[in-house]
Amino acid sequence: MLLTTKFLRPTPDPRAVRRQRLDSLLEPETGKRLNMVVAPAGFGKTTLVSQWCALNSHRTAWLSLDEHDNQPRHFWQYVVGAFEHAGLMGLEDIRKQLARSDGEDQTAAITGLINTLSQDNTAWFLVLDDYHEITSDSIHRQLGWFIDYLPPGMLVTLASRTEPPLPLARWRVRRQVQDIHPGLLAFSEDECRAFFRDTMAMELSEQEIRSVCQRTEGWVAAMQLSALSAKSGQLNLDQTSAPPNLNPDGRLISDYVLTEVLRQLPRELMDFLLDTACCPRLSGALCDAIRERSDSQDALTRLLAQNLFLIPLDTRNEWFRYHDLFREALLQRIQSKDPARAELMQSRTIDWLLSHGQVQEAIGQIVQRKDTERLARVLSEHGNNLIHGGFHLPVLEWLEKIPADVINDSPQLQMLKVWGLFFANRVEGLEPLLTRVEDLLDRRVADSHPDAEGALAIHSEVSLVRSYLARSRNDEKNASDLTRQVLKDIDKISIPLKSVTYYGLGMDYFGKGELNEAEEALESAVYYGQVERKPSTVLSSGGLLAWIQYNRGDTDLALETTSRVRQWVDEHYADPSQPRLISCWQNSALIEIYREQNQPQTAAGYLSPLLEHVEKGTEPGQHVVIQFVRGHLAFSEGRLDAAIDALKDAVAVGRKRRDHILFDPPAAALLARCYLATGQADKAMDCLQPALEEPATNPLNREQNQIALARVLIARNDSQKAQEILSALIPAAERNAHTRHLVEILLVYAEALFGQGYEEEANRMLERAMDRAEHAGFLRLFAEESPALREKMLELPRLRTPGRWNRELLTMLKDQLTEPVVSAGSEPAAPETAPVTPTPRPAASELAEPLSQREQEVLELINQGLANKDIAGKMSVAPATVKAHIRNLYGKLGVGRRTEALARARELGLLGDTTKT
C-alpha cells in the first residue's frame, strides 16, 4: 500500500510572494535534466516549486519524501506511484517487477520506467521534495543513473536541505543542471517589500525595507544574523551607517555584513569560523585536529542552530560545509588578518585529509596553494592507488602542474604518467616513455643513488606495462614471458602489483583457450585487487571471469561473481558524487547472461552505460566487445537492421585495429547469422570468409566461426558437409567445457540431420542439446534458431513434461508464433529473421514483411477512426504499446502518417472486403 497523500502537491498560500525570476530558472531548457533547489529549512523551497508547478501546464509527478523512503525498492515504488497517480500509463509490469524484487539493484525497473517515459512521448516533470531525507547510497547512485538516461522533455526537480551526493559536477559542466541556492532564494527589494507588507502585514517605510534588503542582501539567514544584536530579537532597523556598495552579481557577501556577523558572535566562535575556513568540509574530528582542541562538535552545533551559513552534508550532523561565499569571505579575512595562522591551518588540514584517506581533497588543497613540491611527494606516494581507483585523468592533470625537470628526475612520477596514459587508452607514445624510465633507473643504479634499491619495483612495473602492450600487438609469447618474470619478482618489490599481474596472466590463458587456468588466475586477480584496493582491476578481472563462467555454462556462478565483485566495489568506493565505476567486461557479461535468460530489458539496462563510451570514443578492444553484445541483443530481439549495423562496425574496427585488440569476439560469425536470417547466404559467406582464412587465436572464436560456416552450408543445401564440420567440433567443446557452444553445435547438427531426413537421430540431438542447456540455464539460443528447427522443438514430448525450464522454453517458442519481439522505435524484423516468422496473409504478398495479428487489429481500429487511447481500451493494452504497434505498422507500409497508412492498406487490400486473394 502506498500513501497517496505523498503524491499531492502542496497548495501554494495565496499570500506568498510570487518569485517570477526564479520560476523562469526552473523552466525546462534544451539539455537540462535537473533543477536543484538546496537551502536550509525555512528558505521557501517547497513553496517556490509548488508555485512553479501550479503555473505550468506540464504533467507533473510529485513525491514528498520522508525518513521511511530509504530503501531502494520502496523509493522506486513511490516514484512509479507518483507517475501513475499523475496519469502515466503502462506501468503495470514495472510495479509487478518491483513487488517481486527483494534486492537493492533496481536496474531493470528503472530501465522500464525510462522506456515507458520515452514511449509516452509527453513532457513530464518529476518533483522530489525533502530529498535530504534520503541517505541510501544505492538510491543516490540509482537516481543518478536514472537522470543520466532521461528521455528528452523529462525534467527532475529536487528540493533538499543538503546538497545530495549526486554527480552534480559532471552535470554542471554539461549544463544539465540548474542550481537554485540560498543566494538566488534571497529576496530582491521588491520581494522584500511584498513579504513585509503582504505576507507579514507589517507596515515598514520604504527606507526601512531598503535598509534591511541592502544590509542583508535579501538573505533570510543574513536577516536573522543581523537580528542577533537586537535585544528583543527584532530587526535592527535604526542603523544609521550606510551600507557599502554590493557586488552587482550578488556573488560576494559584503564586508559590512561579514563584519556585523563576526562582531555579534562570542570571541571563541569567531575564532572557530576563521580557523576552519580552510576546510572544504568540516567534521568535529577534523576541526579538533587542526585547532588542537576537543570542543569542535559543540561549536558546529551552535553554528548550525544559529543558521550561520553552515550547510549539513548528512542527516546525522557529522559533516558540514560553509556556504561557498561565506567561506570565501572568511578566508579573505584570516589571510589578511593573520596569514601565518591561515597557512598553518591549511597545512594541518591537508595532513589530516591525507592521513584519513581523503587524498583527492588533500590534493585539491595542495593545488590551490600551488605547492608543487608537496604535490610531487603526495603523487609519488598515493598516485598509483588513485590511478587504479579510476582517477587516472585527474592524476595526468595534476602531473601537468609539476615542473618538467622534477618529473624527468623521478622514475615514480614518470611511471605515474605511463599508467595514466595507459588507463586513458593513449598507448601509442608509451614505448619512448618506458625507455626513458629504464635509462633513468640504470643511471641511478650505476651512481649508487639512494633510491637505487627501489629500481627493481619500478622495473617490474615497466615489464608489466610492456606485457600489456605486447598483448595488444598479439605478441602472446612476449606478453607471457614478461608477466611470468613479474610474478617471480613480485614478492621482492614494494609496489602492489599482484592483482594487475594476475589479470594479465588470466587474459593470456583466456587467449589460448585454457579456461581452467584463466579462471584460477582471474580469481587471484580479484583477491589481490581487493587486498591492494584496486577497484578497476577487481571489476575487470571479475567481469572477464564471469564471461568465461557463462560460456562454460556456469550461469549462476557467473551472476554470483558479478554480484560479489560489484558489492565489494560499491562498499569500498561508494562516492555517489563521482560517476559509477563500470567495467566493459562486467557489463558485457551481464548483457549476455540476461539476454540468454530472455530478460532483454534488464540486459538493455547494462548496455546503456556502455553505449556512451562508444559514442564518445573508447579503445578499439572495448569498442568491438560493446558493439558485439549490442548486436547480439538486437539480433535476439529481431531488430536485424540494428544488429547488422552494430556488428558491421565491430568487424570493421576489429580488422582495422587488429594489432591493438587483445580479444576480438566472433562478430563476423554473428553477422553471418544476421544475413542468413534475411535469406542472404552468399553475403553471409562473404563476411565470414576473412575470419576463416585467418583463424582466430582464441579457440572460442574459432569454434564460433566454424559453427557459422556450418549454418551457411545448411542454407546452401550442403547438410552433409556441415555435419562433418560439426562432428569435429563436438569432442573439443566437451573436453574444454565450452558448454554454450556445445549446445549451439548440437542444435545446428540437428538441423543438418533434419535436412538429410534423419528425423529420429535429429530429435535425439535436440534432446541432448536441451539436457545441456537446462543444466546451464540457457534459453534464448533456442529462440534464435531457424523457424523450421523451432517447429521441430515444439513437437518434442519433452517440453510437455513438468519442469520450470521446459515450461519457460515452451512458452517462449509458442509466443514467437503469434507476434514478433520488436523494441520500440526500431524497424521490425523481416519474415526470415531468427526470432519470429508470422504466417503471411495472401493479401499482403506485396509487403516486404507481413503484418502481425496485433498490427492488423490496430490497422482495422485506425480505419474505424479511433484515437490511440480508444484503441488501447479496445485491445486492453497500454497506450505506449499501441504507439509501438503503429510505429511498426508505418515501417512495414512505408508511410509516416495515418491517412497514408490507410491509403496504402487499401491499395494492398488489407482492409475490409477489398482484400485480394
**Message:** Using ring centroids (six-membered ring only for Trp), state whether F125 and W62 fall under 6.0 Å.
**Reply:** no

**Message:** For D148, is there an ion pair with R170 - N to carboxylate O distance below 4.0 angstrom?
**Reply:** yes

**Asked** So, D275 side chain and R291 main chain: donor-acceptor pair closer than 3.5 Å or not?
**Response** no

**Item:** Lys/Arg-Asp/Glu bridge criterion (N-O < 4.0 Å) met for R18, D23
**Value:** yes

**Fill in**
So CD of Q176 and CG of L168: to nearest 0.5 Å the spacing works out to 11.0 Å

**Prompt:** Under the ring-ring contact (aromatic ring centres under 6.0 Å, His included) test, which residues partner W124, sequence neighbours left out?
**Reply:** F83

**Fill in**
Heavy-atom nearest pair, C279 first then T349, reads SG-OG1, 3.8 Å

**Prompt:** If you take all heavy atoms of L282 and C287, which pair is closest and at what distance?
**Reply:** CD2-SG, 3.8 Å

**Message:** Is there a side-chain contact between N35 and V177 in this structure, where contact means two heavy atoms from C-beta onward sitting under 4.5 Å apart?
**Reply:** no

**Request:** Identify the heavy atoms of L184 and R19 that sit nearest to each other, and give their distance.
**Result:** O-NH2, 4.1 Å

**Item:** Verdict with reasoning, E571 to Q567, per side-chain hydrogen bond (donor to acceptor under 3.5 Å, both in side chains)
**Value:** CA-CA 6 Å; E571 284 178 1; Q567 183 177 359; 3.2 Å; yes

**Prompt:** So, does S296 use its side chain to make a donor-acceptor pair with the main chain of D288 at under 3.5 Å?
**Reply:** yes

**Request:** Using the side chain to side chain contact (heavy atoms under 4.5 Å, CB included) rule, take D69 and K6 through it: C-alpha gap first, then chi angles, then the decisive distance, then the call.
**Result:** CA-CA 11 Å; D69 298 324; K6 295 174 69 169; 2.6 Å; yes

**Message:** For the backbone of F272 and the side chain of T276, can you confirm whether one donor and one acceptor N or O come within less than 3.5 Å of each other?
**Reply:** yes

**Item:** Evaluation steps, salt bridge (charged side-chain N to carboxylate O under 4.0 Å, His left out), between R302 and D298
**Value:** CA-CA 6 Å; R302 291 172 65 188; D298 291 338; over 6 Å; no

**Message:** Has T122 got a side-chain atom pairing as donor or acceptor with D120's backbone, closer than 3.5 angstrom?
**Reply:** yes

**Prompt:** Just how far is it from atom CD of Q20 to atom CG of D190, taken to the nearest 0.5 Å?
**Reply:** 10.5 Å

**From CA spacing to verdict: side-chain hydrogen bond (donor to acceptor under 3.5 Å, both in side chains), H58, N56** = CA-CA 6 Å; H58 286 70; N56 230 301; 2.8 Å; yes

**Request:** Keeping the roles fixed (side chain from S160, backbone from E163), state whether a donor-acceptor pair exists under 3.5 Å.
**Result:** no

**Asked** How many angstroms lie between NE2 in H140 and CD in Q142, if you round to the nearest 0.5 Å?
**Response** 11.0 Å

**Request:** Would you please say whether a donor-acceptor pair under 3.5 Å links the side chains of E318 and Q297?
**Result:** no

**Test item: D93 and Q97 side chains (from C-beta on) under 4.5 Å apart, heavy atoms** = no

**Prompt:** Is R172 atom CZ crowded by more than 12 heavy atoms from other residues, nucleotides or ligands, each under 6.0 Å away?
**Reply:** yes

**Request:** Measure the shortest side-chain to side-chain distance between W171 and L166 over non-hydrogen atoms and say whether it is less than 4.5 angstrom.
**Result:** yes

**Any I180 side-chain heavy atom under 4.5 Å of V38 side chain** = no

**Request:** Return yes if some donor-acceptor pair links the side-chain N/O of D105 with the main-chain N/O of T107 below 3.5 Å, else return no.
**Result:** yes

**Request:** Compare all side-chain heavy atoms of L65 with those of I134 and state whether any distance is below 4.5 angstrom.
**Result:** yes

**Item:** F146 side chain near T111 side chain, heavy-atom distance below 4.5 Å
**Value:** no

**Request:** Please tell me if the side chains of F7 and S64 come closer than 4.5 Å, counting only heavy atoms from C-beta onward.
**Result:** no

**Complete:** Residues G284 and L300: closest non-hydrogen pair is N-CD1, 3.7 Å

**Heavy-atom pair of closest approach, residues Q601 and A108** = OE1-O, 3.6 Å

**Asked** Distance from T116 atom OG1 to E92 atom CD, nearest 0.5 Å?
**Response** 9.0 Å

**Item:** Full working for side chain to side chain contact (heavy atoms under 4.5 Å, CB included) between Q346 and Q365
**Value:** CA-CA 8 Å; Q346 190 166 44; Q365 294 284 298; 3.0 Å; yes

**Item:** L158 and V37: CA distance, side-chain angles, deciding distance, side chain to side chain contact (heavy atoms under 4.5 Å, CB included) verdict
**Value:** CA-CA 6 Å; L158 299 187; V37 185; over 6 Å; no

**Prompt:** About how many Å separate NZ of K96 and CG of L91, when rounded to the nearest 0.5 Å?
**Reply:** 12.0 Å

**Prompt:** How many angstroms lie between atom CG of D570 and atom OG of S138, to the nearest 0.5 angstrom?
**Reply:** 7.0 Å

**Asked** Between the side chain of R33 and the main-chain N/O of I147, is any donor-acceptor distance below 3.5 Å?
**Response** yes

**Item:** Steps toward side-chain hydrogen bond (donor to acceptor under 3.5 Å, both in side chains) verdict (N70, T135)
**Value:** CA-CA 6 Å; N70 250 313; T135 59; 3.2 Å; yes

**Request:** State which residues pass salt bridge (Lys or Arg N to Asp or Glu O under 4.0 Å) with E29; sequence neighbours excluded, sorted by chain then number.
**Result:** none

**Prompt:** Between Y78 and H68, is the ring centre distance below 6.0 Å?
**Reply:** no

**Asked** Do any N or O atoms from the side chain of S50 and from the backbone of T47 form a donor-acceptor pair under 3.5 angstrom?
**Response** no

**Check: R9 side chain, V127 main-chain N or O, donor-acceptor pair, under 3.5 Å** = no

**Prompt:** Quick one: does T162's side chain have a donor or acceptor within less than 3.5 Å of a partner on P164's backbone?
**Reply:** no

**Test item: side-chain donor near acceptor, Q358 and W352, under 3.5 Å** = no

**Message:** Is the shortest side-chain heavy-atom distance between T157 and L126 below 4.5 Å?
**Reply:** no

**Request:** Test side chain to side chain contact (heavy atoms under 4.5 Å, CB included) on Q77 and R95 and set out the steps.
**Result:** CA-CA 7 Å; Q77 283 177 318; R95 276 195 291 104; over 6 Å; no

**Item:** Minimum heavy-atom distance A86-A61, with the two atoms named
**Value:** CB-CA, 4.0 Å

